[in-house]
Asker: 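Input: one structure, supplied below.
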Amino acid sequence: MSEDAFDSLYRTWYHALLAKAYLVTSGRPNAAEDAVQEAFIQCWRRLTDPYGPPVLHWGGWLSVTVVREALRRHSSEVPFDIGRHDGPGNSPDLAVEIQLKDVYRKVCEEMARLRERPRQAVALRCIAGLSTAEVAEEMGITQSTVRVHLAEARRALEPLRMELRQLGILSDEEGGRHG
């Protein structure tokens, strides 16, 4: 695959992936940007590996990779500080900030309030789009435990249901593939 193809993927997916990473990291700019950068590094490696398995849908692959990297970088000790995220020097990108400003802040604050395991479950299931079985495997827990974590997160995030739909995090199917 050519550099042009990679550039096209980057231009197409960067903003959406950064928004997802910000939500998963509860608004931590460095962790979110690092997660997106790592996902694109892995993307480049996959694109240039002639022996690697093909990726059929790069958007889905990148989303899962970004969420995994963001979860890996997330630290529950760092609370969301809305004041740090209000200035232009701290926004991920002007276009993203304009589009998501109020909704984004509300969702980041609520994601930051979730306990670690429910946050991981909702990030993998609803933001990355993994099935319940895949989330269970990723987290090393049973599917029923994933459902318990998702129910906890869903209760906490219920007041923001419309905002989550506006961000594209929650669909009528409750995010991602079923299974």
Side-chain angles (χ1 to χ4, degrees), residues 3 6-48 55 58-130 134-135 138-140 149-150 152-153 156-157 160 163-170 175-176:
E3 284 186 35
F6 178 80
D7 288 343
S8 176
L9 279 174
Y10 185 86
R11 283 189 306 276
T12 300
W13 292 103
Y14 176 79
H15 296 296
L17 296 172
L18 189 58
K20 289 179 180 193
Y22 265 65
L23 291 174
V24 174
T25 62
S26 304
R28 290 179 44 228
N30 293 338
E33 290 164 3
D34 288 350
V36 173
Q37 181 180 28
E38 180 58 33
F40 277 110
I41 289 169
Q42 291 179 33
C43 173
W44 176 256
R45 288 181 186 140
R46 289 291 295 267
L47 282 169
T48 58
V55 173
W58 280 106
W61 185 91
L62 283 164
S63 289
V64 170
T65 303
V66 161
V67 169
R68 283 181 180 145
E69 289 299 321
L71 286 170
R72 200 168 67 72
R73 286 166 168 72
H74 187 277
S75 169
S76 59
E77 293 98 36
V78 179
F80 180 75
D81 178 3
I82 198 161
R84 266 192 23 220
H85 300 277
D86 209 19
N90 293 317
S91 62
D93 179 79
L94 184 57
V96 172
E97 184 66 19
I98 289 169
Q99 181 184 8
L100 304 175
K101 187 175 181 179
D102 293 330
V103 173
Y104 160 79
R105 284 193 202 136
K106 287 183 205 173
V107 175
C108 281
E109 288 171 343
E110 290 306 313
M111 288 289 288
R113 287 186 184 109
L114 290 175
R115 291 183 318 116
E116 186 68 24
R117 298 300 269 180
R119 181 177 32 251
Q120 288 175 341
V122 79
L124 291 168
R125 178 76 171 105
C126 298
I127 298 174
L130 296 180
E134 291 167 323
V135 173
E138 181 86 16
M139 293 178 68
H149 289 313
L150 288 172
E152 179 181 331
L157 298 173
L160 297 174
E163 286 89 345
L164 290 167
R165 281 201 172 95
Q166 184 181 347
L167 288 172
I169 293 168
L170 189 65

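For the numbers below, each heavy atom of this structure counts, side chains included, while hydrogens, waters and symmetry mates do not.
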Asker: Let's go through Leu17 and Phe40 carefully: what are the C-alpha distance in whole Å and the side-chain angles of both, what is the deciding distance for side chain to side chain contact (heavy atoms under 4.5 Å, CB included) to 0.1 Å, and is it a yes or a no?
Answerer: CA-CA 10 Å; Leu17 296 172; Phe40 277 110; 3.8 Å; yes

Asker: What are the two closest non-hydrogen atoms of Ala70 and Val24, and how far apart are they?
Answerer: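 In terms of heavy atoms, the two residues are closest at CB-CG1, 3.6 Å.
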
Asker: Is there a side chain to side chain contact (heavy atoms under 4.5 Å, CB included) between Cys43 and Leu9? Walk through the geometry before answering.
Answerer: CA-CA 9 Å; Cys43 173; Leu9 279 174; 3.8 Å; yes

Asker: List the steps and the verdict of side chain to side chain contact (heavy atoms under 4.5 Å, CB included) for Glu69 and Gln42.
Answerer: CA-CA 11 Å; Glu69 289 299 321; Gln42 291 179 33; 3.2 Å; yes

Asker: Please name all residues satisfying salt bridge (charged side-chain N to carboxylate O under 4.0 Å, His left out) with Glu138, sequence neighbours left out, ordered by chain then number.
Answerer: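 Only Arg68 meet the salt bridge (charged side-chain N to carboxylate O under 4.0 Å, His left out) criterion with Glu138.
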
Asker: Between Leu157 and Leu114, is there a side-chain heavy-atom distance shorter than 4.5 Å?
Answerer: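 Contact flag for Leu114/Leu157 side chains = yes.
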
Asker: Pick from Met139, Arg119, Glu134: which one makes a side-chain contact (heavy atoms from CB on, under 4.5 Å) with Leu124?
Answerer: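 Only one of Met139, Arg119, Glu134 forms a side-chain contact (heavy atoms from CB on, under 4.5 Å) with Leu124, namely Met139.
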
Asker: Going from CD on Gln37 to OH on Tyr14, what distance comes out if it is rounded to the nearest 0.5 angstrom?
Answerer: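 Reported to 0.5 Å precision, the distance equals 9.0 Å.
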
Asker: For a quick test of reading the model, state the closest non-hydrogen atom pair linking Ala32 to Thr25 and the distance between them.
Answerer: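 Reported closest heavy-atom pair: CB-OG1, 3.8 Å.
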
Asker: Classify the side-chain pair Arg117/Gln120 by whether it contains a donor and acceptor separated by less than 3.5 Å.
Answerer: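 Side chains of Arg117 and Gln120: pair found under 3.5 Å.
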
Asker: The test is side chain to side chain contact (heavy atoms under 4.5 Å, CB included); show your working for Ile127 and Met111 and say whether it passes.
Answerer: CA-CA 12 Å; Ile127 298 174; Met111 288 289 288; 4.2 Å; yes

Asker: How would you list, by chain and number, every residue that makes a salt bridge (charged side-chain N to carboxylate O under 4.0 Å, His left out) with Arg113, sequence neighbours excluded?
Answerer: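 Partners of Arg113 under the salt bridge (charged side-chain N to carboxylate O under 4.0 Å, His left out) test: Glu110.
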
Asker: Looking at Leu62 and Ala39, what are the two nearest heavy atoms and their distance?
Answerer: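 Minimum heavy-atom separation between Leu62 and Ala39: CD2-O, 3.9 Å.
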
Asker: Suppose we screen for ring-ring contact (aromatic ring centres under 6.0 Å, His included). Which residues come up paired with Trp61, at least two apart in sequence or across chains?
Answerer: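 Checked Trp61 against ring-ring contact (aromatic ring centres under 6.0 Å, His included); matches are Trp58.
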
Asker: Looking at every heavy atom in both Ala21 and Val36, which two are closest together, and how far apart are they?
Answerer: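 That would be CB-CG2, 4.0 Å.
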
